[in-house]
2 protein chains.
Amino acid sequence: MERADLHDKDTVFTRTGDFADRDAFTAAGWCAMERSLEVVGTRSAMMLVREAFYGGRRFDDLVRRTGLAETVASKRLRQLVADGLMERRPYRVPGARTRHEYVLTERGRSLFPLFVALMNWGSATDGGRGGVELAHAGCGEALLPAVRCAAGHDVGIEETEARLVTSRPAADEPSR
Amino acid sequence: MERADLHDKDTVFTRTGDFADRDAFTAAGWCAMERSLEVVGTRSAMMLVREAFYGGRRFDDLVRRTGLAETVASKRLRQLVADGLMERRPYRVPGARTRHEYVLTERGRSLFPLFVALMNWGSATDGGRGGVELAHAGCGEALLPAVRCAAGHDVGIEETEARLVTSRPAADEPSR
DNA sequence: CTGTATCCCAGCGGATACTG
DNA sequence: CAGTATCCGCTGGGATACAG
């Protein structure tokens, strides 16, 4: 099954153990990536999350800044709340009646690396057309998505190994 | 415009300069994130890229391992090639007739951080149901998506600043 | 201002059947 | 084995109109 005619530049993941035959675990169940896409795989979902990152909270602002139709924004926001990415929170400005605002939950905020990766990948090939750029407020340098292992090493695609886990060790506690 | 009743945990991006009013640059054009979604915003596209990362190359394997219908895989692969994420390359095994295989281009390979972010976000909330896990082949530790600035600092969401750039300083693309 | 209710269209993805 | 051609249902998203 192994092919010997691959160029070095074609290297993908290291395949080890069960993974030598990827078919063996195709039946292992739902891929985590697909689970993510079920929730944030739509344009409207990511756009609303984006505006939330930018500080948008009120329905009106979110609609205008995303450019989505109100109907779409409404339905998607309801779903984002149901999925636990956002919280619909009442608040009141003195003298006005109670309103609601949409605030990212911790789960929603944990989309940050995904958002940066999307922004970066899109801008990497746009020929410098300009637009919004994300930067480190401390030093002003642009943000870049990275991949590291739990031990802190930077990991490239060719150093990545995929493996089958039957049941991951007790949920991700405060990772030490 | 500024709200003073925000909890610390609600902090999102730091807003500075032009960005104090996000509306000011809504008209600044297409968001890089949306550009990414136009290309890899579909389930089929990311699933095919995933299998390419896992080492899949032949049409038959890609179809079986993604579980996509042949028609869908066919059309999506054609588009991925057109978008420059994959390359359709002829090859031949002695004694057999020439076949084609799909190989990730550098642009396709640069989706690696995005892929890791998607995998990680999806598995972070699955209650440890098990499945595929990505790890550092060197030390065996699990992979995590990260965000850094060009100067090498780790950057959290609350240290992130968004700003408007009219035309980015000729990054890495002499084209055009 | 903050939505919801309808109607409509385009695109994704599947099923089936057919080629080289 | 590696696709293409057709048909078709589902849903994402927009337009319009209306409500609290």
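Naming: A, B, ... by sequence-line order, numbering from 1 per chain.
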Worksheet item: Starting at OH of A/Y102 and ending at P of C/dC1, how long is that distance when rounded to a whole Å?
Response: 15 Å
Worksheet item: Under 30°, 30 to 60°, or over 60°: which ring-plane class applies to A/F112 and B/F13, parallel, tilted or perpendicular?
Response: perpendicular
Worksheet, complete the sentence: With B for base contact, S for sugar-phosphate-only contact and - for none (protein heavy atoms under 4.0 Å), nucleotides 10-20 of chain C reads --SBBBB---B
Worksheet item: Whole-Å distance between D/dG3 P and B/D61 CG?
Response: 12 Å
Fill in: Whole angstrom value for the distance that separates P of C/dC1 from CZ of A/R58
7 Å
Worksheet item: By side chain to side chain contact (heavy atoms under 4.5 Å, CB included), which residues pair with A/A135, not counting sequence neighbours?
Response: B/R163
Item to complete: Name all pairs fulfilling the salt bridge (Lys or Arg N to Asp or Glu O under 4.0 Å) condition that reach into residues 111-125 of chain A, sequence neighbours left out, sorted by first residue then second.
Response: none
Response to the item:
To the nearest angstrom, the NE2-P distance between B/H100 and D/dA2 comes to 10 Å
Fill in: Any residue meeting side chain to side chain contact (heavy atoms under 4.5 Å, CB included) with A/P145, in chain and number order, not counting sequence neighbours
A/V116, A/A117, A/N120, B/P113
Worksheet entry | Selection from D/dG3, C/dC1, C/dG3 that lies nearest to any side-chain heavy atom of A/F59 | C/dG3
Worksheet item: Rounded to the Å, how far apart are B/R78 CZ and D/dG3 P?
Response: 10 Å
Worksheet item: Given atom CG of B/L77 and atom P of D/dG3, what is their separation to the nearest angstrom?
Response: 8 Å
Practice prompt. Check the distance between D/dG3's P and B/E101's CD and give it to me in whole angstrom.
Written response: 11 Å
Worksheet item: Between D/dG12 atom P and A/L80 atom CG, what is the distance in whole Å?
Response: 12 Å
Fill in: Any residue meeting side chain to side chain contact (heavy atoms under 4.5 Å, CB included) with A/V40, in chain and number order, not counting sequence neighbours
A/M46, A/L85, A/L111, A/L114, B/W121
Worksheet item: Is the phosphate of D/dG3, meaning OP1 or OP2, less than 4.0 Å from a side-chain N or O of B/R88?
Response: yes
Item to complete: Just grab all the ring pair (Phe, Tyr, Trp, His ring centres under 6.0 Å) pairs involving residues 57-82 of chain A, residues at least two apart or on different chains.
Response: none
